S.K.: 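Quick one: structure below, then a few questions.
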Amino acid sequence: MSWGTELWDQFDNLEKHTQWGIDILEKYIKFVKERTEIELSYAKQLRNLSKKYQPKKNSKEEEEYKYTACKAFLSTLNEMNDYAGQHEVISENMTSQITVDLMRYVQELKQERKSNFHDGRKAQQHIETCWKQLESSKRRFERDCKEADRAQQYFEKMDADINVTKADVEKARQQAQLRHQMAEDSKADYSSILQRFNQEQWEYYHTHIPNIFQKIQEMEERRIVRIGESMKTYAEVDRQVIPIIGKCLDGIVKAAESIDQKNDSQLVVEAYKSGFEPPGDIEFEDYTQPMKRTVSENSLSSSKEGKPELKFGGKSRGKLWPFIKKNKLMSLLTSPHQPPPPPPASASPSAVPNGPQSPKQQKEPLSHRFNEFMTSKPKIHCFRSLKRGGATPEDFSNLPPEQRRKKLQQKVDDLNKEIQKEMDQRDAITKMKDVYLKNPQMGDPASLDHKLAEATQNIEKLRLETQKFEAWLAEVEGRLPARSEQARRQSGMYEAQTHQTVTNCAQDRESPDGSYTEEQSQESELKVLATDFDDEFDDEEPLPAIGTCKALYTFEGQNEGTISVVEGEMLSVIEEDKGDGWTRIRRSEDEEGYVPTSYVEVYLDKNAKGAKTYI
């Protein structure tokens, strides 16, 4: 089957068909190009989706990814990122192997089609020219034959007429002969042109057109084969990434299978375990027994002979309120309620024999304060809410024991890493110095002494810092209940336990002599109550310092809630004067109280440019 023989007269239709074939090829190229754009867009959206749900660095979300379910989700996000990469590979391969190749082929195809149809039109023009020549010679031969026939008829007419001269007859005869000769010449020319046209026409329909149409047929068949190969490549590009996409999906399945609910539950215990023991049983208080109270203006005491013993459940006392902040109780017990004394008249309080008079408590029975505290509805907070505003203490004392131990252990590990880093840097500087000593032309050894001393100083500073945190860690581990052997092994080099030294804040807040009328035994019981209650909140974060103050005079804090200061002493201010003439200060973490505002010079942080003095 050949287009040259079968379609010899369908030049125009073949031209339209081949143009349609090129249009189809360009349409397929456009389809593949849009597919690559879709793949790129899809990959970009997948990457953005994966990035959107990635945990943010140094955030709470990053801490949550220690759970196996969150780790599996993170693995899923990473696999989706790889999955998106395979779609980018599809786009790149389709662009390079199909789109670019076909676009170049289309340009070549258009050029070849143009050349073939140009040759066809040239052959058509040549045969048309030959046909025109044949028609022209044919018309000329026909005209000459007619004129020769008229000339012959005229000659015969003149020759038969007796009235015509002989000269006219001769002239007519010569004209007839001339026309006859011209007709013979036209006949010969027409015959020659006719033969040549027939030859050209035969070559046109049997040689030129078949050859041209054969080339066009081959070109069209190559186009069809090429588009078929491109479709195979299209499928093969997708098939090549299927194994990798399958691995991505297998990774997601493997991550899902790695989820361990028991392990997550254990991590929750480790994350939120406080280390507190549950409160013990509350002992029955028998109110049928007579309790002798000495009615006094400011005491809850009774005589030594008839004083009933205050019971708080033995070891469980102080654990009745593990979620209540101790500041409420201590403020009820210790806050001064009377205006402070005026400052001494002399330049130094030492000139006054007895010093300034301590503030006296209002005549309010202490039992009323206990009743107010016990009847007030406590707010149950989670351990996170125990943390008050302000900076986090360096020893993490605001956290529950177990959480504090973990934070301290983490801090110690970080410090050890920093020490190792500094030691490596020091060793590197030492080696460089040795090289300089052996080869002075490479550098001055003395130039490294400063860096070496700085590295050594940093190591010593980090070691001191580590020892401080190790001491706090040992203290916490000694305070916590006995842990399993595995947990002890996890603590590494910090297994050694130290004796716990706990300073009871209540000792700094004992009721001064003369403030109340109760006996010494009753005061001791009050101290024990405050001490046990404070022990349960040793890890609570202290109030943040809002400034500093300087003692202008010596003050002997003898009443409940006050603190003694020495002239010239610098202390931290934790609560401003609320209008009652008292300022709350702190000497250390466990020693704080009230002093008369007129006895100190206060420097608040908000007025750092100038000191605010209460005189």
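Note that the structure is predicted; figures quoted are calculated from it, not measured.
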S.K.: If the condition is side-chain hydrogen bond (donor to acceptor under 3.5 Å, both in side chains), which residues does Glu88 pass it with, not counting sequence neighbours?
M.R.: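 By the side-chain hydrogen bond (donor to acceptor under 3.5 Å, both in side chains) rule, Glu88 matches Arg47.
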S.K.: Does anything in residues 421-471 form a ring pair (Phe, Tyr, Trp, His ring centres under 6.0 Å)? List the pairs, not counting sequence neighbours.
M.R.: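 Residue pairs passing ring pair (Phe, Tyr, Trp, His ring centres under 6.0 Å), neighbours aside: Phe469-Trp472.
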S.K.: Checking Tyr234 now: which residues fulfil side-chain hydrogen bond (donor to acceptor under 3.5 Å, both in side chains) with it, not counting sequence neighbours?
M.R.: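 Residues passing side-chain hydrogen bond (donor to acceptor under 3.5 Å, both in side chains) with Tyr234: Arg35.
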S.K.: Any side-chain heavy-atom pair from Glu575 and Thr583 closer than 4.5 angstrom?
M.R.: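 Not touching, per the 4.5 Å side-chain cut-off.
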S.K.: Quick one: side-chain hydrogen bond (donor to acceptor under 3.5 Å, both in side chains) pairs with a partner in residues 247-267, sequence neighbours left out?
M.R.: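 As it turns out, the side-chain hydrogen bond (donor to acceptor under 3.5 Å, both in side chains) pairs with a partner in residues 247-267, which skip direct neighbours, are Thr68-Asp264.
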S.K.: Mind checking what makes side-chain contact (heavy atoms from CB on, under 4.5 Å) contact with Asn78, not counting sequence neighbours?
M.R.: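 For Asn78 the side-chain contact (heavy atoms from CB on, under 4.5 Å) partners, ignoring immediate neighbours, are Gln54, Leu74.
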S.K.: Can you name the side-chain contact (heavy atoms from CB on, under 4.5 Å) partners of Tyr105, sequence neighbours left out?
M.R.: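 side-chain contact (heavy atoms from CB on, under 4.5 Å) check on Tyr105 returns Leu25, Glu108, Leu109, Arg222, Arg223, Arg226.
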S.K.: Within a strict 4.5 Å, meaning less than it, do heavy atoms of the Ile419 and Asn416 side chains meet?
M.R.: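 With C-beta onward as the side chain, the pair touches.
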S.K.: Take Ser572 and Thr548, measure what side chain to side chain donor-acceptor pair (under 3.5 Å) needs, and give me the verdict at the end.
M.R.: CA-CA 4 Å; Ser572 299; Thr548 58; over 6 Å; no
S.K.: Is the backbone of Leu462 close enough, under 3.5 Å, to the side chain of Thr466 for a donor and an acceptor to pair up by distance?
M.R.: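 Yes, because the side chain of Thr466 sits within donor-acceptor range (under 3.5 Å) of the backbone of Leu462.
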S.K.: Do Ile585 and Ile563 have side chains that get closer than 4.5 Å, going by heavy atoms?
M.R.: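 Answer yes - side chains close enough.
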S.K.: Distance from Thr99 atom OG1 to Arg104 atom CZ, nearest 0.5 Å?
M.R.: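 Atom-to-atom, Thr99:OG1 and Arg104:CZ are 11.5 Å apart.
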S.K.: Using the salt bridge (Lys or Arg N to Asp or Glu O under 4.0 Å) criterion, which residues pair with Asp449? Sequence neighbours excluded.
M.R.: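 Here the qualifying residues are Lys433.
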S.K.: Looking only at heavy atoms, which two atoms of Val602 and Cys549 are closest? And how far apart?
M.R.: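 It is CA-CB, 4.1 Å.
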S.K.: Please tabulate, one pair per line, all N/O donor-acceptor pairs under 3.5 Å involving side-chain atoms of residues 421-431, not counting sequence neighbours.
M.R.:
from	atom 1	to	atom 2	distance (Å)
Asp424	OD1	Gln420	NE2	3.1
Thr430	OG1	Arg426	O	2.8

S.K.: Using a cut-off of 6.0 Å, state whether more than 12 heavy atoms not belonging to Lys66 lie near its atom NZ.
M.R.: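 It does: Lys66 NZ has more than 12 such atoms within range.
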S.K.: Among residues at least two apart in sequence or on other chains, which ones pass salt bridge (Lys or Arg N to Asp or Glu O under 4.0 Å) with Glu236?
M.R.: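 So Glu236 forms a salt bridge (Lys or Arg N to Asp or Glu O under 4.0 Å) with Arg239.
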S.K.: Using side-chain heavy atoms (C-beta onward) and a distance below 4.5 Å, is Leu552 in contact with Val600?
M.R.: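 They are not in side-chain contact.
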S.K.: Side-chain donor-acceptor contacts of residues 437-448 below 3.5 Å, not counting sequence neighbours, with atom names and distances?
M.R.:
from	atom 1	to	atom 2	distance (Å)
Asp444	OD1	Ala446	N	3.3
Ser447	OG	Asp444	O	2.5

S.K.: Given side chains that start at C-beta, do those of Met80 and Ile252 come closer than 4.5 Å, heavy atoms only?
M.R.: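 The answer is yes, as the side chains (C-beta and beyond) meet within the 4.5 Å cut-off.
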S.K.: In this structure, are over 12 heavy atoms from other groups packed under 6.0 Å from Met103 atom CE?
M.R.: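 No, the 6.0 Å shell around CE holds no more than 12 heavy atoms from other groups.
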S.K.: For Glu569, what residues pass the salt bridge (Lys or Arg N to Asp or Glu O under 4.0 Å) criterion, not counting sequence neighbours?
M.R.: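 For Glu569, the residues satisfying salt bridge (Lys or Arg N to Asp or Glu O under 4.0 Å) (neighbours in sequence not counted) are Arg587.
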S.K.: Do Phe555 and Val566 have side chains that approach each other closer than 4.5 Å (heavy atoms only, starting at C-beta)?
M.R.: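 No; the side chains remain at least 4.5 Å from each other.
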S.K.: Report the distance from atom CD of Glu556 to atom OG of Ser564, rounding to the nearest 0.5 Å.
M.R.: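 The OG atom of Ser564 is 5.0 Å from CD of Glu556, to the nearest 0.5 Å.
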S.K.: Can you confirm whether Asp577 sits close enough to Trp582 that some side-chain heavy atom of one is under 4.5 Å from a side-chain heavy atom of the other?
M.R.: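 No, every pair of side-chain atoms sits at 4.5 Å or beyond.
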S.K.: For Lys468, which residues count as a salt bridge (Lys or Arg N to Asp or Glu O under 4.0 Å) partner, sequence neighbours excluded?
M.R.: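 Here the qualifying residues are Glu394, Glu465.
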